[in-house]
Amino acid sequence: MRKTKLIAGVGLAAAALLALTACNSGTPGAAPSESAAGGGEETSSTPWTVATDVTIEGSPTFDAMTERGSVKVGVKEDQPGLGYLDPTTGERTGFDIDIARWIAASLGFDEDQIEFQAIPSANREQAIVNGDIDYYVGTYSITDKRKEQISFAGPYFVTGQGLLVAADNDTIDGPESLTSDMVVCSATGSTSIQRIKDMGTAQTKEYDTYSACVEDLKNGQVDAVTTDEAILIGYAAQDPDNLKVVGDVFSEERYGVGLAKGDTALQEYINTMFTDGGDIWQQIFDNNLGASGVEGEQPEVDPVS
Ligand code: GLU
């Protein structure tokens, strides 16, 4: 039932797609304006084009993708607006999904060469270390601890931790109103669960996914769900009669693209794509989150991510 409910609002991003043709030049962003000269392939529904004749010197990941003829991308699939899989149509939508598609296109791979794999927060580093995926795009905060095992391109988005509560909850209006008799739910392995544990003001419950926490919240099993506000806004939008986001954000989460540690050639390539992508980022944002109330502007890339 939950998934059925989630479907409705997500479609609006797709419905909002305009004729996306005007783009600034971008290298290696593969903007449509380049396609005439570069022979790239333009589709009417995406702001990016598939690059041709891509070479990246010294990237083991790119070599593996080229050899394989496909791209393996780790994502989330239960976060409406960001990374979502429609169980009925099989369609993947969301800001992160489109960022992942843009990267694949700029590496020379088209949609049917992308293999998406849902990987929960706790398993991301290991999936990258194992080489199960080529890169990960899914509300993945850049942290020093994670950088011990992997590298990040980006940041490509900045949000902050927030709280989701029942619409009729008048007690919780921010992290300072949490008390020891309350239970707050979040995902294992996330910065969100760690921060709420460190704060030590409420009890915690954790699952692999945030959607499991949202179910518990709706059933009255927990008092709040905590994670990045951009994620929580997506859940609240699906069920505004029962859920609301409260208070100010209480952290800064800078989203990066998770990569094999030390693949600086790929990291630099993706960073250049973000920096020189013209208005592609903005179009991806507008298409997926523009109507949601999530605020955001493209952050500057940090070369040492
Ligand atoms: N951005 C936070 C993190 O990377 C929370 C969201 C998530 O778990 O993906 O831990």
Side-chain angles (χ1 to χ4, degrees), residues 25-32 34-35 37-43 46-77 83 92 96-120 123-143 146-156 255-278 280-281 284 301-305:
S25 64
T27 309
E34 286 192 316
S35 63
E41 188 183 297
E42 185 178 346
T43 66
T46 60
W48 57 82
T49 55
V50 179
T52 51
D53 302 325
V54 179
T55 52
I56 306 178
E57 286 295 316
S59 167
T61 315
F62 182 70
D63 290 347
M65 292 179 206
T66 309
E67 175 110 340
R68 196 191 310 125
S70 68
V71 188
K72 294 194 284 189
V73 188
V75 293
K76 296 289 183 70
E77 60 183 25
R92 289 185 193 268
D96 282 334
I97 300 295
D98 278 352
I99 293 286
R101 287 181 172 129
W102 179 23
I103 294 169
S106 79
L107 292 168
F109 296 88
D110 59 35
E111 179 74 29
D112 58 16
Q113 292 174 297
I114 306 175
E115 296 166 30
F116 288 106
Q117 205 175 311
I119 297 173
N123 302 350
R124 294 181 285 206
E125 289 83 66
Q126 202 55 51
I128 294 167
V129 169
N130 291 351
D132 295 341
I133 51 171
D134 299 312
Y135 57 91
Y136 189 96
V137 191
T139 62
Y140 199 8
S141 297
I142 299 168
T143 70
R146 290 171 179 164
K147 280 182 350 187
E148 290 169 10
Q149 288 183 274
I150 62 151
S151 296
F152 288 98
Y156 65 89
Y255 289 175
V257 179
L259 305 170
K261 189 170 170 66
D263 195 335
T264 46
L266 183 60
Q267 181 190 37
E268 282 166 19
Y269 189 87
I270 295 172
N271 280 341
T272 305
M273 182 199 86
F274 284 136
T275 306
D276 295 351
I280 294 178
W281 185 95
I284 290 174
V301 155
D302 176 0
V304 294
S305 283

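Hydrogens, waters and symmetry mates play no part in the numbers below; they use all other heavy atoms, side chains included.
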> Under the side chain to side chain contact (heavy atoms under 4.5 Å, CB included) criterion, do T139 and K76 qualify, and how do the steps go?
Replying inline: CA-CA 8 Å; T139 62; K76 296 289 183 70; 3.6 Å; yes
> Is any side-chain heavy atom of M273 closer than 4.5 Å to a side-chain heavy atom of W48?
Replying inline: no
> From I99 CD1 over to I97 CD1, what is the distance, rounded to the nearest 0.5 angstrom?
Replying inline: 11.0 Å
>> Check whether Y136 reaches the backbone of A127 with its side chain - one donor and one acceptor, N or O, closer than 3.5 Å.
In response: no
>> Going by the rule side chain to side chain donor-acceptor pair (under 3.5 Å), which residues pair with D263 if we only count those two or more places apart in sequence or in a different chain?
In response: S59, T61
>> When you measure from the side chain of T143 to the backbone of R146, do you find a donor-acceptor pair of N or O atoms at a distance under 3.5 Å?
In response: yes
> Rounded to the nearest 0.5 Å, how far does OG of S151 lie from CD1 of I142?
Replying inline: 10.5 Å
> Can you find a pair of side-chain heavy atoms, one from Q149 and one from K261, that are under 4.5 Å apart?
Replying inline: no
> Is there side-chain contact between I270 and L259, with at least one heavy-atom pair below 4.5 Å?
Replying inline: yes
> Of D96, V75, I128, V257, which is the lone residue that meets side chain to side chain contact (heavy atoms under 4.5 Å, CB included) with Y140?
Replying inline: I128
> Can a donor-acceptor pair be found between the side chains of E115 and S70 at a distance below 3.5 Å?
Replying inline: yes
> Between CD1 of I150 and CD of Q126, what distance do you get to the nearest 0.5 Å?
Replying inline: 11.5 Å
>> Please determine whether side chain to side chain contact (heavy atoms under 4.5 Å, CB included) holds for the pair K147 and E125, giving the CA-CA distance in whole Å, both sets of side-chain angles, and the decisive distance to 0.1 Å.
In response: CA-CA 9 Å; K147 280 182 350 187; E125 289 83 66; over 6 Å; no
>> Donor-acceptor pair, distance only, cut-off 3.5 Å: does the side chain of S141 make one with the backbone of Y255?
In response: no
> E268 side chain to A265 main-chain N or O, any donor-acceptor pair under 3.5 Å?
Replying inline: no
> So do K72 and Y135 actually touch side chain to side chain, heavy atoms under 4.5 Å?
Replying inline: no
>> To the nearest 0.5 Å, what is the distance between OG1 on T272 and CD on Q267?
In response: 10.0 Å
>> For a side chain to side chain contact (heavy atoms under 4.5 Å, CB included) check, start with the C-alpha distance between F62 and T55, then their side-chain angles and the critical distance, and finish with the verdict.
In response: CA-CA 9 Å; F62 182 70; T55 52; 5.6 Å; no
> What is the minimum heavy-atom distance between I284 and P47, and which atoms define it?
Replying inline: CG1-CG, 4.1 Å
> Ignoring hydrogens and geometry, is there a side-chain-to-backbone donor-acceptor pair from R124 to G138 under 3.5 Å?
Replying inline: yes
> Roughly how far apart are L107 CG and D134 CG, rounded to 0.5 Å?
Replying inline: 9.0 Å
> In Å, rounded to the nearest 0.5 Å, how long is the span from CG of D98 to CD1 of I280?
Replying inline: 11.5 Å
> So, for Y156 and W102, is the gap between ring centers shorter than 6.0 Å?
Replying inline: no
> Which pair of heavy atoms, one from I114 and one from A104, lies closest together, and at what distance?
Replying inline: CD1-CB, 3.7 Å
